[in-house]
Colleague: 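Before I ask anything, let me first share the structure, which is written out below as structure tokens.
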2 protein chains.
Amino acid sequence: MLQRIDHVGIAVASLDAAIERYRETFALEVVAVEVNAEQGVREAMLELRDGAAGASSYIQLLQPLADDTPVGRFLARRGEGLHHVGYAVADVASELESLAAQGIELIDQRPRHGSMGAAIAFLHPRGLHGVLTELVQPGRA
Amino acid sequence: MLQRIDHVGIAVASLDAAIERYRETFALEVVAVEVNAEQGVREAMLELRDGAAGASSYIQLLQPLADDTPVGRFLARRGEGLHHVGYAVADVASELESLAAQGIELIDQRPRHGSMGAAIAFLHPRGLHGVLTELVQPGRA
């Protein structure tokens, strides 16, 4: 069901500073900068291109839009760092159904909109050894 | 320089419980279980196979061998959860040289042994917005 690690989400205090640091250090291209008001973040996607055959993976930098948001509370509690991991799947709705049937605790009962046109859903860290886990059905071609 | 996300490292209290949970939930295969005494962990690699063309990525589960180890201290301070991210590179030694020349703070000045025969090196989270970052030159074919 999980095809690959699609991205890691990193909570940062300043999106602009983090973009510069990651872009310059690792010579990455910023392929999207978006505001996701529902999730309370401004975010950037930096692409890792795995040669001709492989699918890309991404570093997602997340700055909270306000202190009283999930990423804002994460920053206040733990500081900057790894916030979640996203795994690519072929069909996020059918994966959610199968996970719910297994009794896995979901945050999202149905898919919602993620970065770059993806359909996404979060699973609760309680059931997965403390890891906030995202399923990603990529929207890009 | 970074080809893809090779793995996420997850700190867990019980390796056996975490293996069972991740294996059953996501139908993953455990491809290695190793003790890395130098890093003070017992660890398992679960493989995500990205079709015929793409390279695999991995979920690495890490149980500390003792409380007084880096992962043991992480667990005591923050509980179970995402511990680090590993990026695949073609040549870890030359990447380290280039990063050092940029003034990026390294933990490892030269490559050492990682999971499944890889050559690895860690970069300090201070320079990377709180993210403990590993470079991985895979040892597997």
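Just so it is clear: chains get the letters A, B, ... in the order the sequence lines come, proteins before strands, and each one is counted from 1.
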Colleague: If you count heavy-atom pairs under 4.5 Å between each of A:Ala13, A:Ala27, A:Gly81, A:Ala55 and chain B, which one has the most?
Modeller: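 Of A:Ala13, A:Ala27, A:Gly81, A:Ala55, A:Gly81 has the most heavy-atom pairs under 4.5 Å with chain B.
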
Colleague: Please find the pair of heavy atoms, one from B:His129 and one from A:Ala18, that lie closest to each other, and give the distance.
Modeller: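 Looking at all heavy atoms of both residues, the closest pair is NE2-CA, 3.3 Å.
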
Colleague: Report which part of B:Tyr22 has an atom under 4.5 Å of a heavy atom belonging to chain A: side chain, backbone, both, or neither.
Modeller: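 Just the side chain, heavy atoms under 4.5 Å.
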
Colleague: Tell me whether A:Ile59 is reachable from A:Val131 by hopping between hydrophobic residues (I, L, V, M, F, W, Y) whose side-chain heavy atoms are closer than 4.5 Å.
Modeller: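 Yes, one cluster joins them.
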
Colleague: Under a 4.5 Å heavy-atom cut-off, does chain A meet the side chain of B:Leu123, its backbone, both or neither?
Modeller: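 Just its side chain gets close to chain A.
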
Colleague: Would a hydrophobic clustering, with Ile, Leu, Val, Met, Phe, Trp and Tyr connected at side-chain separations under 4.5 Å, put B:Ile120 with B:Met1?
Modeller: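 Result: no, two separate clusters.
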
Colleague: Answer yes or no: is there a donor N or O on one side and an acceptor on the other, between the side chain of B:Arg21 and the main chain of A:Gly127, under 3.5 Å?
Modeller: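 Here the side-chain-to-backbone pair exists.
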
Colleague: Would you say A:Val12 and A:Phe74 are hydrophobically clustered, going by side-chain heavy atoms of ILVMFWY under 4.5 Å?
Modeller: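 No.
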
Colleague: Under a 4.5 Å heavy-atom cutoff, which of A:Val8, A:Leu128, A:Val85 has the most pairs with chain B?
Modeller: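 Sorted descending by pairs with chain B, the first entry is A:Leu128.
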
Colleague: According to salt bridge (charged side-chain N to carboxylate O under 4.0 Å, His left out), who are the partners of B:Asp16, at least two apart in sequence or on a separate chain?
Modeller: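 Partners of B:Asp16 by the salt bridge (charged side-chain N to carboxylate O under 4.0 Å, His left out) criterion, ordered by chain and then number, come out as B:Arg42.
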
Colleague: Spell out the residues in residues 89-111 of chain A that have some non-hydrogen atom less than 4.5 Å away from a non-hydrogen atom of chain B, in order of number; otherwise answer 'none'.
Modeller: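 Answer by number: A:Leu99, A:Gln102, A:Ile104.
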
Colleague: Using atom types as modelled, flag every donor-acceptor pair under 3.5 Å from a side chain in residues 31-41 of chain A to any protein atom, sequence neighbours excluded.
Modeller:
from, atom 1, to, atom 2, distance (Å)
A:Glu34, OE2, A:Met116, N, 2.8
A:Asn36, OD1, A:Glu38, N, 3.3
A:Asn36, OD1, A:Gln39, N, 3.0

Colleague: Heavy-atom distances under 4.5 Å only: say whether B:Ile10 touches chain A with side chain, backbone, both or neither.
Modeller: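 The side chain, not the backbone.
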
Colleague: Determine which pairs satisfy salt bridge (Lys or Arg N to Asp or Glu O under 4.0 Å) with at least one residue from residues 69-78 of chain A, sequence neighbours left out, and list them in order.
Modeller: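 Matches after skipping sequence neighbours: A:Asp68-A:Arg73.
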
Colleague: Any chain of hydrophobic side-chain contacts (each under 4.5 Å) joining B:Leu2 to B:Leu48?
Modeller: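 Linked within one cluster.
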
Colleague: Just how far is it from atom CG of B:Leu132 to atom CG of A:Leu82, taken to the nearest 0.5 Å?
Modeller: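 B:Leu132 atom CG to A:Leu82 atom CG measures 8.5 Å (nearest 0.5 Å).
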
Colleague: Can you confirm whether B:His113 is buried at NE2, in the sense that more than 12 heavy atoms of other residues, nucleotides or ligands lie under 6.0 Å from that atom?
Modeller: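 Counting other residues, nucleotides and ligands, NE2 of B:His113 stays at 12 neighbours or fewer.
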
Colleague: Report yes or no: do A:Leu28 and A:Met45 belong to one cluster of Ile/Leu/Val/Met/Phe/Trp/Tyr joined by side chain heavy-atom distances under 4.5 Å?
Modeller: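 No, A:Leu28 and A:Met45 fall in different hydrophobic clusters.
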
Colleague: Mind listing the closest non-hydrogen atom pair of A:Ile5 and B:Ser57 along with its distance?
Modeller: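 Taking A:Ile5 first and B:Ser57 second, the nearest heavy atoms are N-OG, 3.0 Å.
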
